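To start, the structure under review is shown below, and the notes come after it.
This one's a predicted model, so the numbers in the text were calculated from it and none came from an experiment. Residue numbering restarts at 1 for every chain, and letters A, B, ... go by the order of the sequence lines.
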2 protein chains.
Amino acid sequence: MNKLRGAELKGVEWMKVSKEKAAENRERILNEAARLFREKGAQGVGVDALGEAAGLTHGSLYSQFGSKDRLLAEAVAHAFSRFATKFGAVKDADTYVSKYLSTEHRENPGSGCTVAAIGSEMPRQSEAVRRAFTDATKRSMARMAALLPRRRGREREDDALVMLATMAGAMILARAVDDRELSDRILSVSRAQLQRVA
Amino acid sequence: MNKLRGAELKGVEWMKVSKEKAAENRERILNEAARLFREKGAQGVGVDALGEAAGLTHGSLYSQFGSKDRLLAEAVAHAFSRFATKFGAVKDADTYVSKYLSTEHRENPGSGCTVAAIGSEMPRQSEAVRRAFTDATKRSMARMAALLPRRRGREREDDALVMLATMAGAMILARAVDDRELSDRILSVSRAQLQRVA
DNA sequence: TGTACATCAGTGAACGCGCGTTCACTGATGTAC
DNA sequence: TGTACATCAGTGAACGCGCGTTCACTGATGTAC
């Protein structure tokens with residue numbers, strides 16, 4: 001029963017965690033939650049599985065976050081942020097599109113775009129979760145707009161919004177269909193069209 | 001306890017349903033399931049609620065469909081089909097885009113596009129459900145392609161796929177964000193861009 | 001510096017609840033004669 | 001056409017299970033003196 005993987009250091013059986021260790025645990029919970037929610041959906045993963053993935057019991061989630069819903073809200077923000085980091089080095093829209101609409105991204109929703117992974121579940125989420133999602137979406141828009149060479153200001157943001165919608169929609173469709181050929185085709189024709197426009 | 005709304009005709013308390021009545025019940029279950037799954041997600045609605053919405057008990061779902069999953073598979077096909085019917089009279093891509101990317105559609109997921117409503121839940125569904133989704137997606141592609149004036153054959157289908165992806169992605173984003181202004185903006189800029197292309 | 005003790009991250013048992021599914025039963029329908 | 005009975009759509013109680021949450025407890029950490 002006593003797993004304690006989160007605190008198994010120095011070989012002792014049990015050890016109350018220091019503030020530093022608690023902060024590490026929190027980060028680990030967020031990383032695993034951000035992955036699991038994207039892989040299995042908000043309702044597809046329970047508090048036991050979330051705790052276990054971080055090497056802790058479910059009770060620790062309540063110490064750190066208070067409820068599953070508040071963990072979800074923080075995990076959504078975390079997931080967006082981690083995904084953005086993966087694209088931090090990208091300096092042009094073409095590269096962004098290629099990377100986003102890749103088979104590598106399609107096969108790995110757990111480390112991928114949050115919109116593509118759980119976008120259609122958002123209307124049914126709490127206010128806190130939707131606020132986190134909305135704020136992150138606005139940041140995505142601004143980041144995408146910065147990569148677009150033509151236009152400026154509001155119109156550039158408009159273009160960024162349509163690009164984000166197209167990429168997310170294409171990835172959702174590509175992951176949803178049970179036909180490899182069609183899935184590949186959705187990715188490649190969307191890539192081609194976006195790179196023609198950008 | 002004894003509700004029997006599905007069979008309350010002629011004022012009698014109980015009456016075994018005829019084959020005709022059973023077929024009507026089946027249709028009613030499918031209509032309600034197609035609505036509820038789109039409104040609440042595949043995991044967001046249970047067999048009790050599904051039965052009750054059709055005026056029956058959950059047991060009747062098992063007589064008719066055998067399991068919740070098989071009902072979901074049939075409901076997905078049904079939902080796509082009913083949505084397509086709403087667009088049956090549309091004769092050009094511009095009108096289709098306007099109707100799809102409308103606030104009316106955004107506010108009514110239960111009678112709207114299945115991709116927009118539960119698209120990102122599809123990768124986690126059973127083979128039967130995904131097959132129903134995939135078949136319906138192919139039909140959507142063919143129908144959309146038929147509305148596109150330029151190009152032909154495979155290239156026209158390619159354009160249709162990108163349009164479908166953009167519309168679904170835009171609707172998912174517009175429904176997900178907790179900011180009316182941004183939501184309206186996503187719809188209008190996507191409409192503008194698609195009508196420029198089509 | 002050493003001692004006494006409050007703090008609080010994490011544990012694990014327990015809770016009420018709703019889930020999907022099973023099953024014995026009901027009784028009008030629909031059919032065999 | 002009339003009678004006897006098999007069929008089967010739908011009922012409702014029961015099942016085992018996993019869910020999110022609560023809570024008394026543990027014990028090293030971190031602090032007050």
Check the angle between the aromatic planes of Phe87(B) and Tyr96(B) and answer parallel, tilted or perpendicular using the 30° and 60° thresholds.
tilted
Does Gln64(B) make a side-chain N or O approach to OP1 or OP2 of dA9(D) shorter than 4.0 Å?
no
Counting only Watson-Crick or G-U wobble pairs whose two distances fall under 3.5 Å, which nucleotide matches dC33(D)?
dG2(C)
Under a 3.5 Å cut-off for both distances, is dC15(D) Watson-Crick or wobble paired, and to whom?
dG20(C)
Quick tally for nucleotides 15-23 of chain C: nucleotides whose base has a protein heavy atom under 4.0 Å get B, sugar-phosphate-only ones S, the rest -, giving -----BBB-
After noting the C-alpha distance and the side-chain angles of Val115(A) and Leu164(A), does the key distance pass the side-chain contact (heavy atoms from CB on, under 4.5 Å) rule?
CA-CA 9 Å; Val115(A) 184; Leu164(A) 291 177; over 6 Å; no
For a 4.5 angstrom cut-off between non-hydrogen side-chain atoms, does Leu61(A) reach Lys68(A)?
no
Could you tell me how the ring of Phe80(B) sits relative to the ring of Phe133(B): parallel (under 30°), tilted (30 to 60°) or perpendicular (over 60°)?
perpendicular
In whole angstroms, how far is the C1' atom of dC8(D) from the CZ atom of Arg26(B)?
14 Å
Interatomic distance, Asn25(A) CG vs dC8(C) C1' [rounded to whole Å]
13 Å
Provide, to the nearest angstrom, the distance between the CD atom belonging to Glu24(B) and the P atom belonging to dA9(D).
15 Å
Does Ile172(B) share a hydrophobic cluster with Phe83(A), counting links as ILVMFWY side-chain heavy atoms below 4.5 Å and allowing steps through other members?
no
Scanning all shown strands, the Watson-Crick or wobble mate of dG27(C) with both distances under 3.5 Å is dC8(D)
Do the side chain of Ser183(A) and the main chain of Ala174(A) share a donor and acceptor less than 3.5 angstrom apart?
yes
Starting from C1' on dG27(C), measure out to NZ on Lys21(B) and report it in whole angstrom.
17 Å
Going by modelled atom types, is there a donor-acceptor pair between the base of dG10(D) and the side chain of Ser63(B) at under 3.5 Å?
yes
Phosphate-side-chain proximity, Ser60(A) and dG10(C), N/O vs OP1/OP2 below 4.0 Å:
no
